[in-house]
Amino acid sequence: MHNSSQLRKEFIKKWIHGLQICCSSKKHMNLMERKKKIKLSADIALASAKNATTSWSKALIADVKIDEENMILINNLSGPESKFVGAHDQRVTCHKRIRSKKILKKSCGVGKRIKRMGSRRSDLATCIAERLVKKRTKVLKRLVPGGESMDEVTIIKEALDYILSLRVQVDVMKNVVNATGVLD
Amino acid sequence: MSSRRSRQSSSGGPRITDDQIIQLVSKLQQLLPGTHIQRSNKASASKVLQETCNYVRSLHREVDDLSDRLSQLLSTIDADSPEASIIRSLIM
């Protein structure tokens, strides 16, 4: 898949850089502010460490860009902006198209389902299973950044990569917390 | 049967094969903690997807929790200790 130790190194580098930028701008922060900055720089560092190779990382950066305060961080961590440009606008138009498609599909699908269930009772279990899969896929789409505009196969591929990257993030953060805790 | 599946798939373009989905679902299964061997049919696919959603949510929660702890630890570090200067030079 991808080299996770490479991702680790990139993530650590970018996260430290991000934290330096955050802390240089404001000397004294309260707990909430500091926590938000830590989490934000970790997320941006993780996404930009992917170097625009995956959809979820592009979507994450596009989401963060909405808040203009984050631009300094993003510009410093993700290098050339062109990689991530346009992802947000694409998603907005995609949403509108998909929403109207979904409404159309729902109204057509119900009639089909009733006809199908009547004529082939043995396929009822398959129908229910398929609907369950659809439901779960919808939930997964909401969890993975940028998932709303992906089809079934892409969302699973992106989820695979997203989980691996999240694991790296959690692992590194755990080590930092443990090391900091020992020093107290 | 294959025509029914193509009608249901949400992408208008290439038809999504069952094999592809089964492959991806089994890859997901390998990632999830507490793997149990399951037949790869539609029923277990929905279970794998559910486990995936739960796992992603728990990873999100962990990141949040770790950010909390880190922020608390950084604020309680004794400002004059030599260890604090190490951390400070790294991240501040």
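To find a chain, count down the sequence lines: A is the first, B the second, and so on, and within it residues start at 1. Atom set for the values below is all heavy atoms of this structure, side chains included, hydrogens, waters and symmetry mates excluded.
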(message) So, taking the atom named CZ in A:Arg142 and the one named SG in B:Cys53, what distance separates them when rounded to the nearest 0.5 Å?
(response) 9.0 Å
(message) Under 4.0 Å between a side-chain nitrogen and a carboxylate oxygen: does that hold for B:Asp68 and A:Lys39?
(response) no
(message) Using a 4.5 angstrom heavy-atom cutoff, name the option from A:Val144, A:Leu31, A:Thr154, A:Leu132 with the most pairs to chain B.
(response) A:Leu31
(message) Atom CZ of residue position A:Arg136 - does it have more than 12 heavy atoms of other residues, nucleotides or ligands inside 6.0 Å?
(response) yes
(request) Tell me, for B:Asp65 versus chain A, whether the close heavy atoms (under 4.5 Å) come from the side chain, the backbone, both or neither. (result) neither
(message) Nearest 0.5 Å, please: how far is CZ in A:Arg34 from CG in B:Leu70?
(response) 9.5 Å
(request) Return the set of residues passing ring-ring contact (aromatic ring centres under 6.0 Å, His included) with A:His17 (not counting sequence neighbours), or none when no residue passes. (result) none
When the side chains of residues 166-177 of chain A are checked against the rest of the protein, which donor-acceptor pairs come out under 3.5 Å, sequence neighbours left out?
unit_1	atom_1	unit_2	atom_2	d
A:Arg167	NE	B:Tyr55	OH	2.8
A:Arg167	NH2	B:Leu31	O	2.4
A:Arg167	NH2	B:Tyr55	OH	3.4
A:Gln169	NE2	A:Asp43	OD1	3.0
A:Asp171	OD2	A:Arg8	NH1	2.5
A:Lys174	NZ	B:Glu62	OE2	3.4

(message) Quick check for you: to the nearest 0.5 Å, what is the distance between B:Ser71 atom OG and A:Met32 atom CE?
(response) 8.5 Å
(request) Kindly compute the distance separating CG (B:Asp64) from NZ (A:Lys36), expressed to the nearest 0.5 Å. (result) 11.0 Å
(request) To the nearest 0.5 Å, tell me how far B:Thr52 OG1 sits from A:Ile155 CD1. (result) 10.5 Å
(request) Check each of A:Ile128, A:Thr137, A:Val133 against B:Ser46 using the side chain to side chain contact (heavy atoms under 4.5 Å, CB included) test, and report the only one that passes. (result) A:Val133
